[in-house]
Amino acid sequence: MLNMEMESNFIKSIIEEDLASGKTTTVITRFPPEPNAYLHIGHARAIITNFELAKMFGGSTNLRFDDTNPVKEDAMFVEAIKEDIKWLGYTPKNIFFGSDYFEETYKRAILLINKGLAYVDDSSPEDVSRLRGTLTESGVESPNRKRSIADNLQLFQAMRDGKYADSEKTLRAKIDMSSPNINMRDPVIYRILHITHHNTQDKWCIYPMYDFAHPLQDAIEGITHSLCSLEYVDHRILYDWFVEKCEMPHVPHQYEFGRLNIPNTIMSKRYLKQLVDSGAVRGYDDPRMPTLAGFRRLGYTPSAIRNFVLGTGLSRINSTASIEMLENSLRDDLRLKVNRVNAVIHPLKVVIDNYPKGQIEWFDAPNNSENEALGTRKIAFGNEVYIESEDFTETTPEKHWKRLAIGLEVRLMHTYFVKCVSVVHNDDGSLKEIHCTYDPLTKSGTGFTERKPNGNIHFVEASTAIITSFNLFEPLMVDSDNDRPVLDRLNPNSLNVVKGFVEPSVKGVKIGTQFQFIRTGYFTVDYDSLPEALVFNRTVGLKSSFK
RNA sequence: UGGGCUAUGGCCAAGUUGGUUAAGGCAUCGGACUCUGACUCCGAAACCGCUAGUUCGAAUCUAGCUAGCCCAGCCA
């Protein structure tokens, strides 16, 4: 599963045809995030698709920060994005910025003016909007549309020279105000923004719009297949128009695919920011966040995410893949890789009456019963142990109950059979502890087969156990009703911190280390964990057919 | 009569020069196995949006229809 490959999909087919027909000889893709937010699981599809496709055909992929709007962008996001991509396991051939091409873009705009295909417009934003028309009515041409080339040249230079205030003028492409495709109704291609850019500082006060800049950037970099999401389908004709009219020597082509969503998961930058700013979560890397940083902290691995994305395929449909698919991908990835140890999340004390008080017996246990290479470790057994409280029931169990109850006998994994003989309650009636007897003949490894236990449960010996915190998560949001404010949809139980025990073998684990806690799930050591105060995040539970 | 995109089991998704029983994964339900009710292994489900055509034969071709999504930022 580690080397899952990209399945057949329409873009792969297009590339194969392009290569076969000689339309292109190489495959160069790019991932072009705007540095204004953290990357989330939805971006993973774009990243993985671009890199995998190029790699598959011996090509390369650039990381290009699409930073043409300085009001929203910040250098701190540049670093976070680089880190996420690196974490996913991809290395861009080049790292570029849209702002690297401002000079070139400017020259192409002048070329457009010289060809009579762009003009400086004095219309206010309101006028531009009003004259654009509606979905069913065509637009009206701006009075400035017939300005002379000389005037346009002079005015555009003045715009660049800072002679005008924001919004006083724009440069527009002269295309077709009556086009049914609103993107073609003389789109603004340059606007004035007197604001410091994270890269170019105050060198520029005019900035190209996405529709103009993007195709040029792709052409400059020699991108062969420019992949984007479905909402840009209507922009493709504009994309092609700019590449042609700007006389770009290389002609890139745009292809669109659907976004990948997960039910009940917020992917909007704005909402993600709200969650962080409101303090609903601890930050962009909160384990409950759908950001790559959040998934990383939760304990997701790059290959789990990669296999999930590849497993969902690719199509021209905005799809919503179930969270189970992602979870399965993680379990699948970790199954043979990590140690399986004992941890008790909700402890119930068990006293073994016929075992010598204070005596500790050590047993060898495999670190991973399906992967011998991971070796063995010692686990302790003694007079007092903890078991999961849900592994014991006071009420008469049904026939399929495979755990402990009064009168029933189970195996404490890797040690002895233990039989419950009595229970002790607290004053308030709650369960305090249970008493059992063990049978020395049933010692693990002796080949005892006289009788079968009523199940095998995990446990931790009390005197050697390490007390630890477990972060148990539930979905951050309670529903997907996008009409309700995000903060009203928060799940009050999204984080549940409980204290329990882990076996002594995990002593000294480093942050990020992953385990399967037998019968409870996959856990990862949280960033907040300290040697003397371990904190584990439950990355994902184990599947269970127990009803 | 604005334009564009899409429609395959609960969720993804192969399959489109028309041709035996429409891949696969996730989920679900049975069963086997098990010193994790895990894993593994068996077994189970499709009016291919609808309707009507073309054809010996259609998820694949034609026509009409329906539903969903996107577009009127000097955002990307």
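In what follows, every chain begins at residue 1, and chains take the letters A, B, ... in the order their sequences are listed.
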Q) Under a 4.0 Å N-O cut-off, is there an ion pair linking A/K543 with A/E324? A) no

**Q.** Counterpart residues, salt bridge (Lys or Arg N to Asp or Glu O under 4.0 Å), relative to A/R30 (two or more places apart)
**A.** A/D218

**Q.** side-chain hydrogen bond (donor to acceptor under 3.5 Å, both in side chains) contacts touching residues 32-44 of chain A (sequence neighbours left out)
**A.** A/E34-A/N36, A/N36-A/K269

Q.
Within the 4.0 Å heavy-atom criterion, would you say A/G445 contacts the bases, only the backbone, or no part of the nucleic acid?
A. base

Q: Name all residues meeting the salt bridge (Lys or Arg N to Asp or Glu O under 4.0 Å) criterion together with A/R538; count only those two or more places apart in sequence or in a different chain, and write none if there are none.
A: none

Which atoms of nucleotides 42-47 of chain B (N or O only) lie under 3.5 Å from a protein N or O atom, and what are those distances?
none

Q) Got a sec, which residues hit side chain to side chain contact (heavy atoms under 4.5 Å, CB included) with A/A173, two or more places apart in sequence or on another chain? A) A/I175, A/P187, A/I189, A/W241, A/F242

Q: With sequence neighbours left out, write down each residue that passes side chain to side chain contact (heavy atoms under 4.5 Å, CB included) with A/D234, or none if nothing qualifies.
A: A/N181, A/N183

Q) Under the side chain to side chain contact (heavy atoms under 4.5 Å, CB included) test, which residues partner A/E137, sequence neighbours left out? A) A/T134

Using atom names, set out every protein N or O paired with an N or O of nucleotides 32-34 of chain B below 3.5 Å, distance rounded to 0.1 Å.
{"unit_1": "B/U34", "atom_1": "O4", "unit_2": "A/K402", "atom_2": "NZ", "d": "3.4"}

Q.
I'd like to check the side chain to side chain contact (heavy atoms under 4.5 Å, CB included) partners of A/F546; sequence neighbours left out, ordered by chain and number.
A. A/W401, A/R403, A/S544

Q | For B/G73, glycosidic torsion class - syn if within 90° of 0, otherwise anti | A | syn

Q: Give a yes or no on whether a salt bridge exists between A/E370 and A/R335, defined as a side-chain N under 4.0 angstrom from a carboxylate O.
A: yes

Q. For A/R411, which contact category applies under a 4.0 Å heavy-atom criterion: base, sugar-phosphate, or nothing?
A. base

Q) Nucleotide by nucleotide, 5' to 3', does protein get under 4.0 Å of the base (B), only the sugar-phosphate (S), or neither (-) in nucleotides 67-72 of chain B, counting heavy atoms? A) ---BBB

Q: Output the residues of residues 159-166 of chain A in contact with RNA chain B, where contact means a heavy atom of the residue under 4.0 Å from an atom of the strand; sort by number or write none.
A: none

Q.
At 4.0 Å (heavy atoms only), tell me whether A/I518 reaches a base, stays on the sugar-phosphate, or touches nothing.
A. base

Q: Determine which pairs satisfy salt bridge (charged side-chain N to carboxylate O under 4.0 Å, His left out) with at least one residue from residues 170-184 of chain A, sequence neighbours left out, and list them in order.
A: A/D121-A/R172

